[in-house]
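A short write-up of the structure that comes next.
Positions are given from 1 along the sequence.
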Amino acid sequence: MPRLCGVWQLRSGETAGINPAYIRTSSYSEMLLAPSDFFAGLRKGLKAKLPAALRGFRTTRGRGRLIKVYFEQPAFHYEAWHHTGAGRLEVGLHFEASAAENQAAFDFFRARMVEVKARLPRAELEPWDRGWSRLYETAQAARLDEDVLARAVECMATYVETLQPLLEEFMRRRDENS
C-alpha cells in the first residue's frame with residue numbers, strides 16, 4: 001500500500017477504494033471524523049508537533065476538504081487536501097502566486113529535489129492547474145479517521161520542517177533580485 005511520508009499503511013482488513021458510504025458496520029462508522037474535526041485536529045496537531053520556531057503559522061480552510069498552512073505569503077502554502085472521489089489525501093507545498101513566481105519557485109525546488117527526496121522520498125514536483133505548481137504526495141485515505149489524522153500531522157510536519165527553510169531561502173533570493 002502507498003505510504004505517506006514513509007509511515008502510511010492501511011489497517012488490517014481495510015479495503016482500499018471502497019466508498020465508506022457503502023460500508024454499514026458500526027465499528028467502521030465509530031472511527032470517522034467530520035472534515036471540520038479532521039482539519040481542526042490537523043491544525044492543533046501541527047502546533048504541537050512542530051518546533052517552536054515553526055509554530056507561528058496561519059491557516060485558512062479552502063472550499064471543500066482542505067486546509068492551507070502558511071507563514072509569510074498565502075500564495076506559497078502547505079496544503080492537506082482530501083480528494084474524496086479518489087479516496088486519497090494529498091499533503092504538499094503549493095505555489096499559487098503569479099505564473100512567473102510559480103515558475104521561479106518550481107525551478108528553485110527542482111534544483112534541490114535530491115535534497116528534498118532525502119527526507120521526503122515520495123515527494124513529486126509538478127506544474128499544475130492555472131500556472132500553479134506543487135511539491136506533494138498522496139496516499140490512500142478513503143475516509144477521515146484518527147489514524148489518517150495522526151499520519152497527516154506527521155507528514156505535514158515533515159513537509160514544513162524540510163521545506164520551510166528552502167522556501168525562506170527562495171523568497172529571500174527573490175526579494176534580493178527584485
Report task. Before giving the answer on salt bridge (charged side-chain N to carboxylate O under 4.0 Å, His left out), spell out for Glu137 and Arg88 the whole-Å C-alpha distance, their side-chain angles and the decisive distance to 0.1 Å. Result -> CA-CA 10 Å; Glu137 64 183 81; Arg88 301 194 66 80; over 6 Å; no
Report task. Starting from the C-alpha separation in whole Å, work towards a yes-or-no answer on side chain to side chain contact (heavy atoms under 4.5 Å, CB included) for Leu125 and Val116. Result -> CA-CA 10 Å; Leu125 177 65; Val116 169; over 6 Å; no
Heavy atoms only: give me the nearest [X]-[Y] pair and the separation to one decimal.
{"X": "Arg122", "Y": "Ala139", "value": "NH1-CB, 4.4 Å"}
{"X": "Leu166", "Y": "Glu115", "value": "CD2-OE2, 3.8 Å"}
{"X": "His77", "Y": "Pro74", "value": "ND1-O, 2.8 Å"}
{"X": "Phe109", "Y": "Leu163", "value": "CE2-CD2, 4.1 Å"}
{"X": "Met113", "Y": "Ala123", "value": "CE-O, 4.0 Å"}

Is the shortest heavy-atom distance from the side chain of [X] to the side chain of [Y] under 4.5 Å?
{"X": "Pro51", "Y": "Glu161", "answer": "yes"}
{"X": "Leu42", "Y": "Thr59", "answer": "no"}
{"X": "Arg61", "Y": "Ser36", "answer": "yes"}
{"X": "Leu46", "Y": "Tyr78", "answer": "no"}
{"X": "Phe95", "Y": "Trp132", "answer": "no"}

Hey, what do you get for [atom1] ([X]) to [atom2] ([Y]), rounding to the nearest 0.5 Å?
{"X": "Leu149", "Y": "Glu154", "atom1": "CG", "atom2": "CD", "value": "11.5 Å"}
{"X": "Gln73", "Y": "Met171", "atom1": "CD", "atom2": "CE", "value": "5.5 Å"}
{"X": "Ile67", "Y": "Phe39", "atom1": "CD1", "atom2": "CZ", "value": "7.0 Å"}
{"X": "Arg43", "Y": "Met156", "atom1": "CZ", "atom2": "CE", "value": "12.5 Å"}
{"X": "Arg55", "Y": "Lys49", "atom1": "CZ", "atom2": "NZ", "value": "11.0 Å"}

Query raised in the report: When you look at CZ of Arg58, are more than 12 heavy atoms from neighbouring residues, nucleotides or ligands closer to it than 6.0 Å?
Result: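 No - once you tally the heavy atoms of other residues, nucleotides and ligands closer than 6.0 Å, there are 12 at most.
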Query - Under 3.5 Å: donor-acceptor pair, side chain of Tyr159, backbone of Leu135 - result: no
Requested in this report: Kindly say whether His83 contributes a backbone atom to a donor-acceptor pair with the side chain of Arg65 at under 3.5 angstrom?
Outcome: no
Query raised in the report: Checking salt bridge (charged side-chain N to carboxylate O under 4.0 Å, His left out) for the pair Glu90/Arg134: CA distance, chi angles, key distance, verdict?
Result: CA-CA 11 Å; Glu90 174 185 326; Arg134 62 185 176 175; 2.9 Å; yes
Is [Y] reachable from [X] through a run of hydrophobic residues whose side-chain heavy atoms are each under 4.5 Å from the next?
{"X": "Leu167", "Y": "Trp128", "answer": "no"}
{"X": "Trp81", "Y": "Leu120", "answer": "no"}
{"X": "Phe71", "Y": "Leu93", "answer": "yes"}
{"X": "Leu33", "Y": "Leu89", "answer": "yes"}
{"X": "Tyr70", "Y": "Leu54", "answer": "no"}

**Report entry** Side chains of Glu79 and Tyr136, donor plus acceptor under 3.5 Å
**Finding:** no
Report task. Any chance you could lay out the side chain to side chain contact (heavy atoms under 4.5 Å, CB included) test for Arg151 and Val148, step after step, and finish with the verdict? Result -> CA-CA 5 Å; Arg151 287 169 175 80; Val148 172; over 6 Å; no
Requested in this report: Answer yes or no: is there an ion pair linking Arg172 with Glu176, defined by an N-O contact shorter than 4.0 Å?
Outcome: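 No, Arg172 and Glu176 are not salt-bridged.
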Query raised in the report: Are the charged groups of Glu124 and Lys117 less than 4.0 angstrom apart, N to O?
Result: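 Looking at Glu124 and Lys117, the cut-off is met.
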Query raised in the report: Does Arg110 make a cation-pi contact with Phe106, if we ask for NZ or CZ under 6.0 Å from the ring centre and within 45° of the axis?
Result: no
Query raised in the report: Taking the six-membered ring of Phe57, is the NZ or CZ of Lys47 close enough (under 6.0 Å from the centre) and on axis enough (within 45°)?
Result: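 Yes, a cation-pi geometry holds between Lys47 and Phe57.
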Report task. Answer yes if the ring centres of Phe108 and Phe170 are under 6.0 angstrom apart, and no otherwise. Result ->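 Yes, the ring centres sit under 6.0 Å apart.
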